[in-house]
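Side chains are part of it too, since the values below use all heavy atoms of this structure and drop only hydrogens, waters and symmetry mates. Computed from a prediction, not measured in an experiment: that's the story for all the values here. Proteins come first, then strands; the chains are lettered A, B, ... in the order of their sequence lines, and each starts at number 1.
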Amino acid sequence: MPYEKLELSTPAPVLSWANHELGKEEAKMAKNVASLPFVFKHVALMPDVHLGKGALVGSVVATKEAVIPAAVGVDIGCGMAAIKTQFTAEQLEGKLKKIRLDIEAEIPVGFNANKDIEKTVANWQRWVDFKDLHGGVQDLQNKAMKQMGSLGGGNHFIEVCVDTENAVWLMLHSGSRNIGNVLAQCHISTAKELAKLAELTLPDLDLAYFVAGTPEFDAYWRDLQWAQNYARYNRDVMMARFKRIVEKYLSGGKSKKPLLEVNCHHNYAEKEVHFGEDVYVTRKGAVRAQQEDYGIIPGSMGAKSFIVKGKGNHDSYCSCSHGAGRLMSRTKAKKQFTIDDLIQQTQGVECRKDDAVLDEIPGAYKPIEQVMANQADLVEIVATLKQVLCVKG
DNA sequence: ATGTAC
């Protein structure tokens with residue numbers, strides 16, 4: 001059985017690709033979402049499912065004529081980018097430290113932004129639409145421009161990986177930075193206010209929604225699509241810089257065409273057709289896996305990562321997991337593990353090994369191999385990657 | 001996930 005139909009007695013069934021029972025709070029959250037009248041057909045849970053805000057991380061929710069802004073979340077358009085380079089592992093020998101230092105010098109991480117706005121950023125076609133975005137962000141364009149091409153924090157990262165055939169891959173994880181966050185929060189607040197005004201009885205106020213055809217829905221959808229595009233381009237800008245750094249050391253600065261390029265959101269909503277109907281699909285910690293779609297499923301710092309190709313499984317709304325999924329909270333991981341554990345679990349990876357990244361220790365995540373086995377009906381594995389260098393946000 | 005206010 002590729003998935004399990006959970007016994008939650010909800011109007012919409014919940015199909016789970018996780019091979020474990022949901023925790024109490026997780027089950028409640030799944031139930032809340034599946035009880036909403038505008039949820040289409042069923043809710044799909046990916047094998048890395050875990051607790052989120054409003055909706056589960058690792059869930060796919062298709063809706064008719066409505067969208068839940070808090071289900072999309074605050075990091076609109078968060079996702080992954082990867083390229084397969086023409087370089088091989090041997091060429092990296094002795095270069096990793098230099099590459100890492102260059103990445104740290106050229107790509108701002110954490111709360112940092114770029115000091116100058118590079119041409120490719122200034123020329124982005126969507127800046128002309130900035131004036132149409134929510135009034136609450138109109139003084140943030142300069143900040144958004146300086147943050148375009150910056151990594152951010154949390155679990156955002158930049159990695160050099162090697163696949164099982166010795167090819168070098170460049171990979172990164174980032175989203176829509178401050179601008180996406182502010183836009184999301186503006187609309188989440190509006191949705192909650194509307195729900196209160198209408199005296200809606202929602203199982204959770206975080207499930208406040210917009211109804212298609214209303215000005216609030218249109219405003220959210222416009223900003224959502226803009227922020228998703230910002231996030232995608234942010235990853236493109238960083239990847240271009242990252243590629244130049246690697247080429248500086250591996251091909252004397254000569255530009256080499258990638259053998260494959262992938263850039264996918266795992267936190268977003270879009271219009272799609274499923275079971276013959278037009279629906280809004282919200283993937284919160286899930287990747288689109290339509291037939292021939294390429295996706296990226298990263299493991300934790302010491303684990304494997306996977307480049308996948310979608311199988312177009314309709315029961316999952318053509319989706320797959322976005323990673324391994326946390327096994328425990330960041331707080332718990334910091335209590336449970338020591339720096340020695342971290343050093344041991346990240347052997348062979350050029351990365352920081354201190355307190356600041358202890359919560360990203362591989363032991364705090366589910367085993368990615370199991371997660372991949374649970375979604376064999378959703379994706380085929382195209383490449384299996386192991387990181388050799390990792391810069392955390 | 002993001003900085004802002006404490």
Side-chain angles (χ1 to χ4, degrees), chain A residues 29 48 50-59 68-81 107-115 130 133-134 136-159 171-192 206 220 223-224 226-235 237-238 264-269 282-287 296 298 300-301 322-326 328-334 352 356-360 364-365 390-393:
Chain A
M29 193 167 269
D48 62 340
H50 60 276
L51 213 55
K53 201 169 157 55
L56 293 163
V57 177
S59 69
I68 308 161
V72 177
V74 288
D75 195 356
I76 294 172
C78 182
M80 298 287 310
I107 301 180
V109 302
F111 290 120
N112 298 316
N114 296 286
K115 288 183 181 65
F130 199 92
L133 301 179
H134 193 285
V137 304
Q138 287 309 314
D139 54 346
L140 293 176
Q141 186 171 349
N142 191 256
K143 183 173 186 172
M145 292 179 92
K146 289 190 166 169
Q147 284 195 336
M148 173 77 83
S150 70
L151 189 69
N155 56 4
H156 290 170
F157 61 79
I158 300 172
E159 282 181 353
M171 192 158 101
L172 60 89
H173 175 211
S174 185
S176 53
R177 311 292 288 103
N178 168 270
I179 188 66
N181 193 302
V182 175
L183 283 169
Q185 308 236 32
C186 287
H187 291 288
I188 291 168
S189 305
T190 305
K192 288 182 179 179
D206 278 322
Y220 176 60
D223 292 359
L224 180 70
W226 188 91
Q228 286 173 189
N229 283 312
Y230 176 99
R232 184 183 296 277
Y233 198 68
N234 177 36
R235 291 190 290 270
V237 170
M238 282 187 282
C264 59
H265 300 314
H266 54 223
N267 221 32
Y268 74 112
T282 298
R283 293 192 179 87
K284 187 187 186 70
V287 177
I296 304 166
S300 58
M301 288 202 295
H322 81 313
R326 289 198 83 87
M328 62 186 77
S329 70
R330 292 179 182 279
T331 325
K332 195 174 170 194
K334 288 200 179 195
R352 282 173 65 181
V357 293
L358 186 52
D359 51 358
E360 286 295 327
Y365 286 87
C390 178
V391 175
K392 285 276 178 198

What parts of residues 73-80 of chain A reach DNA chain B, counting only heavy atoms under 4.0 Å away?
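Under 4.0 Å from DNA chain B: A:Val74, A:Asp75.
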Taking atom [atom2] of [N] as reference, at what distance in whole Å does atom [atom1] of [X] sit?
| X | N | atom1 | atom2 | answer |
| --- | --- | --- | --- | --- |
| A:Phe157 | B:dA1 | CZ | C1' | 15 Å |
| A:Arg177 | B:dA1 | CZ | C1' | 9 Å |
| A:Asp359 | B:dA1 | CG | C1' | 13 Å |
| A:Phe111 | B:dT2 | CZ | P | 7 Å |
| A:Ile179 | B:dT2 | CD1 | C1' | 12 Å |
| A:Arg330 | B:dA1 | CZ | C1' | 10 Å |
| A:Glu360 | B:dA1 | CD | P | 8 Å |
| A:Leu183 | B:dA1 | CG | P | 18 Å |

Whether [X] side chain and [Y] backbone form a donor-acceptor pair below 3.5 Å:
| X | Y | result |
| --- | --- | --- |
| A:Asp359 | A:Ser329 | no |
| A:Gln138 | A:Leu133 | yes |
| A:Gln228 | A:Ala269 | yes |

Closest contact, heavy atoms only, A:Tyr230 versus A:Ala144:
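Scanning both residues, the minimum pair turns out to be OH-O, 2.6 Å.
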Give A:Lys143 one of three labels, base, sugar-phosphate or nothing, depending on what nucleic acid heavy atoms sit under 4.0 Å from its own.
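Sugar-phosphate contact only - A:Lys143 comes under 4.0 Å of backbone atoms but never of a base.
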Check A:Val74, A:Asp206, A:Ile188 against A:Lys53 for a side-chain contact (heavy atoms from CB on, under 4.5 Å) and give me the one that passes.
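Only one of A:Val74, A:Asp206, A:Ile188 forms a side-chain contact (heavy atoms from CB on, under 4.5 Å) with A:Lys53, namely A:Asp206.
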Do the rings of A:His266 and A:His322 sit parallel, tilted or perpendicular, given the 30° and 60° boundaries?
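A:His266 vs A:His322 ring planes: perpendicular.
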